[in-house]
Number of protein chains: 2
Amino acid sequence: MKIVPDQCQVSQAMDVIIGKWKLAILLHLLAHGPTRFGALQRAVPAVTPKVLTQQLRELEEEDIINRNVYPENPPKVEYDISTYGQSLEPILNAMHQWGLDHMAYKQTRDKKEDNGV
Amino acid sequence: MKIVPDQCQVSQAMDVIIGKWKLAILLHLLAHGPTRFGALQRAVPAVTPKVLTQQLRELEEEDIINRNVYPENPPKVEYDISTYGQSLEPILNAMHQWGLDHMAYKQTRDKKEDNGV
DNA sequence: CGGCATCCGATGCGATACTG
DNA sequence: CAGTATCGCATCGGATGCCG
């Protein structure tokens, strides 16, 4: 398939997954199902609550994830991938596969450079 | 295929294609073949020469594109996708397809909202 | 033609502290 | 527990001007 630049919507996808922690969030939700805010924070250790909230809100606004509030005490909020969000999987899989190849590529390339190429 | 978070390399791909104009550059090179610096600048009108150079250099360092200098006068420099860079096509295609779907999705969603949902 | 040097502003992200 | 409020900074990209 050839991408026609004039009607190219690649950046539509970029805009949605751009954000330092969005991929990590999506991958966690895809792998583990519904996850609470605190659990997400533990799953992505370096993220602060403020930024985690930001990224979640942005994903929610694009209908990629769902936010479910359980009116309990203590409060409980779960996030999970929406049906629509699951349509991102082909992109993630393609990126993942390429990432694996890229690791291997860098390996061999750097080895060559060590030998003076 | 299920992505195993522990050995997930999705961000490897992200790191390579992140950059405001990199996708536009790659798509242009894929569609039009070898392209000169000036032509790229005309193809991506909003980019300034400084930033265009930056993005090209970063893509070049990852071996995604080739930079060919022709020692003529006036100077001529052509950029083109490397063989390795072509391996990104599955990602771009997946993103493009999703982008098209996303446009349609937003259409119907916004129409619903207009009707008071 | 194909850049590079310099300056500058916006935005994204982080640190810390506090709250219903 | 699941956030919000404030502050601050670094990074990225844009504007402008100059050069081989």
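Every chain is numbered from 1, with letters handed out A, B, ... down the list of sequences.
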Measure [atom1]/[X] against [atom2]/[N] and give the value in whole Å, please.
X	N	atom1	atom2	result
A:Asp15	C:dG12	CG	P	11 Å
A:Leu52	D:dA2	CG	P	10 Å
B:Ile17	D:dC12	CD1	P	16 Å
A:Gln55	C:dG12	CD	C1'	9 Å
B:Ile18	C:dT11	CD1	C1'	14 Å
B:Glu78	C:dG3	CD	C1'	16 Å
A:Trp21	C:dC13	CH2	C1'	9 Å
B:Leu40	C:dC1	CG	C1'	13 Å

Side-chain (A:His32) to main-chain (A:His28) donor-acceptor, under 3.5 angstrom: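 Yes.
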Backbone N/O of A:Ala46 and side chain of A:Thr48: donor-acceptor pair under 3.5 Å: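 No; judged by distance alone, with no hydrogens or angles, the pair does not exist.
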Out of [options], which has the shortest distance to the side chain of [X]?
X	options	result
A:Pro74	C:dG3, D:dC1, D:dG3	D:dC1
A:Thr53	D:dG14, D:dG3, C:dG14	D:dG3
B:Thr48	C:dA15, C:dC13, D:dG14	D:dG14
B:Lys20	D:dG14, C:dG14, D:dA2	D:dG14
B:Val77	C:dG2, C:dC1, C:dC13	C:dG2

Is the shortest side-chain N/O distance from [X] to OP1 or OP2 of [N] below 4.0 Å?
X	N	value
A:Arg57	D:dG3	yes
B:Gln41	C:dG3	no
B:Lys50	D:dT16	no
B:Gln54	D:dG14	no
A:Arg36	D:dC1	no

Under 4.0 angstrom, heavy atoms only, what part of the nucleic acid is B:Glu72 near: base, sugar-phosphate, or nothing?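 The residue B:Glu72 makes no contact with any strand.
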Using a cut-off of 4.0 Å on non-hydrogen atoms, how would the nucleic acid contact of B:Tyr79 be classed: base, sugar-phosphate, or nothing?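 B:Tyr79: backbone/sugar contact only, no base atoms under 4.0 Å.
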Donor on one side chain, acceptor on other, A:Lys106 and B:Gln12, under 3.5 Å: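 Side-chain D/A pair, A:Lys106 to B:Gln12: present.
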Between B:Tyr105 and A:Asp63: side-chain donor-acceptor atoms closer than 3.5 Å: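 On atom types as modelled, these side chains qualify, holding a pair under 3.5 Å.
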5′-ward residue of the pair A:Gly19/A:Pro75 relative to DNA chain C: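 Between the two, 5'-proximity favours A:Gly19.
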More than 12 heavy atoms of other groups within 6.0 Å of A:Glu61 CD: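 Incorrect, the count does not exceed 12.
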B:Asp80 side chain reached by B:Ile65 side chain, heavy atoms, under 4.5 Å: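 The answer is no; the side chains never approach within 4.5 Å.
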